There are 2 protein chains.
Amino acid sequence: MTLTEEIISDLRDSGYRITPQRELIIRAIAESGRHMPVEDIYAAVQEQTSAVNLATIYRTLEMLWEEGLVHRNDLHEGKLAYAVAEHGPHLHLVCRRCKRVIDVDPDILAPLQAVLREREQFEADLEHLSLFGLCIECRD
Amino acid sequence: MTLTEEIISDLRDSGYRITPQRELIIRAIAESGRHMPVEDIYAAVQEQTSAVNLATIYRTLEMLWEEGLVHRNDLHEGKLAYAVAEHGPHLHLVCRRCKRVIDVDPDILAPLQAVLREREQFEADLEHLSLFGLCIECRD
DNA sequence: GTGATTGCAAATCCTTTGCAATCTG
DNA sequence: CAGATTGCAAAGGATTTGCAATCAC
């Protein structure tokens, strides 16, 4: 079963209806293998057919996120971006001065995730996280 | 020296000009002792005088953030919020399903911060962070 | 005086919503 | 068939920008 099929199956189990639009949207995210801003998802879907409205995309993504089937990242410039849960984890360090982005091995977050799970009983999504700060060159 | 004065002094040292508007904005954040959305900062400044424009507030806050004099948090609903650096640290765990917010002792982040500093030479702002996930009641 | 900063108003951009029409199960 | 979902167009809201006037140094 492909990733797209899995997500669709999950949705059906949860009582959602599967429309061609939803399928296209899910496929676009799943096959991209990356974190996509809404804008890109819309463009990807448009390539297949022009019959999907932006509002539908927003509504579908919100639903997928609430169901835990995609990750959402709204850190960058107030824009929303989504990726399928199985998309490889990422940790970005963003320098607030030079805007440089450093990619880090996300395993670094494992201890924190464990502590939150044990101590707060909270299952944190740390797979697509951006942290702000200053890189070495921008520190005085 | 008060917190407001310190920030102003830093700005002057960096070559920025100190206008009454900037002073009011800085004072509003510093004296609030909390994380404020732009909206609240605007309201607080308006209470003193109606002579400050929203655009000026946005421009000033962006500048303060780039200078590292305030923290910025744009996680919640795409809105920007700011707080002075000395405002006590916070860590919020936000349940993406029930929207509940759990407050956690931010010391929990100290090990992560240390690792980022040593291994990536990155000084991360982890003092006002919101992490998303599922709380115990929303996990199936 | 000079360049930085502000106010104003308009423009952008992202996202949400109401409602009638259309589909899915 | 009934209720969920979509498209459309309009509204909403946050943030940004151009430019002339003003102010800090």
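Basis for what follows: all heavy atoms, side chains included, without hydrogens, waters or symmetry-related copies. Just so it is clear: chains get the letters A, B, ... in the order the sequence lines come, proteins before strands, and each one is counted from 1. Source: prediction; values computed, not measured.
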Whether B/Q113 side chain and B/A124 backbone form a donor-acceptor pair below 3.5 Å |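 Answer holds: yes.
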Could you tell me how far apart [X] ([atom1]) and [N] ([atom2]) are, to the nearest whole angstrom?
X	N	atom1	atom2	result
B/L54	D/dT15	CG	P	9 Å
A/L61	C/dC14	CG	P	15 Å
A/Y58	D/dA9	OH	P	18 Å
A/E39	C/dC13	CD	P	10 Å
A/E66	C/dT16	CD	C1'	14 Å
B/I8	D/dA24	CD1	P	13 Å
A/Y42	C/dC13	OH	P	15 Å

Dump the pairs, protein N or O against N or O of nucleotides 18-22 of chain D, anything under 3.5 Å, distances to one decimal.
none

Watson-Crick and G-U pairing of DNA chain C, under 3.5 Å, as dot-bracket with | and [ ] = |||||||||||||||||||||||||
A/R12, nearest nucleotide to its side chain (from D/dC25, C/dT16, C/dG25) =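 That would be C/dG25.
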OP1 or OP2 of D/dC8 under 4.0 Å from side-chain N/O of A/N53 =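 Yes, A/N53 has a side-chain N/O under 4.0 Å of OP1/OP2 on D/dC8.
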CZ/A/R72 to CG/A/L64 distance, rounded to the nearest 0.5 angstrom?
->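 The CG atom of A/L64 is 11.5 Å from CZ of A/R72, to the nearest 0.5 Å.
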Proximity to DNA chain D (any heavy atom under 4.0 Å), residues of residues 15-25 of chain A only =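 When residues 15-25 of chain A is checked for heavy atoms under 4.0 Å from DNA chain D, the hits, listed by number, are A/Y16, A/R17, A/T19, A/Q21, A/R22.
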